[in-house]
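Everything below concerns the one structure shown next.
Every chain is numbered from 1 and lettered A, B, ... according to where its sequence line falls, protein lines coming before strand lines. Computed from a predicted model, the values in this text were never measured in an experiment.
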Amino acid sequence: MFEARLVQGNLLKKVLESLKDLLTEASWDCADTGIQLQAMDNSHVSLVSVQLRADGFDKFRCDRQLSMGMNLTSMSKILRCAANDDIITIKAQDQADNVTFVFESPNQEKVADYEMKLMNLDQEHLGIPETDYAAVIKLPAAEFQRIIKDLSQFGESVVISCTKEGVKFSAAGDIGVGNIKLAQTASVDKEEEAVTIEMQEPVTLTFACRYLNMFTKATCLAPQVTLSMSPEVPLVVEYKIGDMGHVRYYLAPKIEDEDN
Amino acid sequence: MCGRTCCTLSPEVMPFACTTLTGSKTPIWREAPDGGKYFPANNIPPSRYTPVLWRTGSNPRDLTLQPMLWGFIPPWHRGEVPTKHGLTTNNARLEGLGESKLYKAALSQNRRCVVVADGFYEWKKLDGSGSKQPYLVYAPQENGPIESCPDIQLVDGWSAATGWTGPRPLFMAGIYSIWENAVGQEVFSYSIITRESNEVFNWLHHRVPAILSNPKEVDQWLDPELKGDEALKVLIPLIKTQLTWHPVSPDVGNVRNQSPGLQKPVPLDVKGKAKDTKSGSASLMSNWLKKAAKPNKDEPDTKKSKP
């Protein structure tokens with residue numbers, strides 16, 4: 001028997017919104033420690049890793065480990081039927097073909113349940129290598145979303161370069177060039193609005209805007225986003241899910257044409 | 001311009017593949033005196049050792065195939081590092097070669113050679129976008145695109161009756177230098193001779209290597225009796241039957257990319273750009289993920305068993 005109840009049901013709604021553009025289907029791996037999802041997008045350029053810890057749920061029961069393959073488009077359709085203040089419960093039997101989503105209104109006057117067929121996804125479980133990052137940048141999630149959206153107008157890719165002075169995002173294309181520089185916040189009044197940089201060595205990497213734009217769908221999850229970069233290693237874009245877990249996106253840098 | 005080649009045949013096979021253009025003469029493989037090794041690869045930049053054909057004696061049969069350093073070392077160069085001369089010498093312009101300070105001594109010493117490869121890469125500038133699309137350029141093959149592959153064994157392409165039937169290598173005219181390094185070893189290095197391209201090739205690039213496409217031309221080009229500027233007359237302007245090409249993945253632009261299949265044809269979109277196939281980014285991602293230790297599969301029933 002698997003059952004997970006989340007009073008703050010809109011967290012789950014937001015998680016799905018942040019995944020459904022990148023992934024069409026994926027497996028949710030459930031264990032007594034919580035729920036995990038790890039999947040690559042179709043082009044195998046990016047990887048998404050979601051963790052929802054058991055202690056973050058208001059009730060969590062998982063008698064046996066199970067892996068629930070779901071069509072994320074369908075799951076997102078169902079979760080859209082939940083109101084923002086609904087309490088969401090996910091239920092499945094140990095050997096089930098179906099998963100059930102129960103949405104309860106806060107005053108318990110309305111209860112809806114939706115059943116969805118599970119899919120048999122034979123996905124290999126990917127290990128993520130331990131990596132020391134040369135630069136870790138924290139910035140307001142909304143700021144990051146805005147930067148990527150603005151620079152996407154200029155070109156297909158954005159260059160992120162981090163030095164001890166700050167972080168610079170640039171894009172170039174037919175209409176011209178765009179550069180956005182963020183300096184480290186000098187005095188932190190509100191932690192959520194701060195830009196902080198921890199850097200071992202300067203890094204400059206190029207990424208496809210298309211993916212970064214999809215990642216910023218998770219902006220609604222957290223006030224801050226963390227970017228971790230090292231040369232020749234995928235970028236990590238991390239959003240916290242309340243205090244119960246995270247969504248991490250990994251994106252391989254573009255390998256640019258060196259020839260001239 | 002020619003600054004990147006694809007050369008995948010092994011040293012065991014290469015001398016036999018060369019017979020397609022040397023008449024029946026099979027060159028002798030000789031290692032470089034300075035120990036520079038040739039490693040077959042599909043993305044080779046200057047400063048690597050690649051096979052070069054040259055005449056070691058007066059007999060036309062004295063053909064040697066030897067790894068030489070790509071990037072002609074100027075005769076006046078002194079120093080520990082053979083490549084640290086500050087000049088770009090991977091190509092030598094045919095126009096004015098005899099007057100070139102860099103190359104005229106080598107030309108008068110008849111240091112002409114043939115650079116052997118599966119083919120070379122050239123980048124076509126695409127209108128407007130400022131981006132480029134690479135092509136692999138090679139000798140026309142019996143059927144279809146060149147089947148470059150480091151795994152080709154001698155038995156796959158050679159029999160005494162038919163000769164070499166595997167991929168036909170491309171022969172490019174070159175000029176070489178013999179330079180003595182600090183420990184007294186001879187370092188052979190070369191430059192590929194290029195010329196203004198013509199209507200056959202200028203849609204792709206305005207320069208093109210001088211191609212040798214039959215045994216007679218190869219023989220004359222390597223003939224020590226033929227001197228200086230006379231020898232250069234062997235190099236005829238490019239003709240249509242000498243070269244063919246196909247678009248390849250833009251990943252070849254980065255020399256760090258050595259993935260198999262890089263030299264294979266890819267489809268183009270309407271703008272003349274390679275359509276997104278498995279990109280360099282995707283292979284970077286998969287290589288990175290391989291670094292991770294395999295996750296523990298301690299519980300046998302992690303997968304939901306479907307009734």
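Neither the backbone nor the side chain of A:E130 comes within contact range of chain B, judged by heavy atoms closer than 4.5 Å. Contacts of A:Y250 with chain B are made by both backbone and side-chain atoms, with heavy-atom separations under 4.5 Å. When heavy atoms are compared at a cutoff of 4.5 Å, A:L47 approaches chain B by way of both its backbone and its side chain.
Nearest approach of B:A282 to A:S43, heavy atoms of both residues: CB-O, 3.5 Å. Listed here is the closest heavy atom pair of A:P253 and B:S281: O-OG, 2.9 Å.
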| said: What verdict does the side-chain contact (heavy atoms from CB on, under 4.5 Å) test give for A:M40 and B:L289, after you've listed the backbone C-alpha separation in whole Å, the side-chain angles of each residue and the deciding distance to 0.1 Å? | reply: CA-CA 11 Å; A:M40 293 185 93; B:L289 288 171; 3.8 Å; yes
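Residue pairs meeting the salt bridge (Lys or Arg N to Asp or Glu O under 4.0 Å) criterion with at least one partner in residues 42-56 of chain A, sequence neighbours excluded, are A:R53-A:D55.
Residue A:E156 places its CD atom among 12 or fewer non-hydrogen atoms of other residues, nucleotides or ligands, all under 6.0 Å distant. Residue B:D269 places its CG atom among more than 12 non-hydrogen atoms of other residues, nucleotides or ligands, all under 6.0 Å distant. Within 6.0 Å of CD on B:E196 lie more than 12 heavy atoms contributed by other residues, nucleotides or ligands.
A distance of 14.5 Å separates NE2 of A:H44 from CG of B:L284, quoted to the nearest 0.5 Å. Separating the CG atom in B:N254 from the NZ atom in A:K254 is a distance of 13.5 Å, to the nearest 0.5 Å. Distance check: B:W288 CH2 to A:I128 CD1 gives 6.0 Å after rounding to the nearest 0.5 Å.
Residues forming a side-chain contact (heavy atoms from CB on, under 4.5 Å) with A:T33 (at least two apart in sequence, or on another chain): A:A31.
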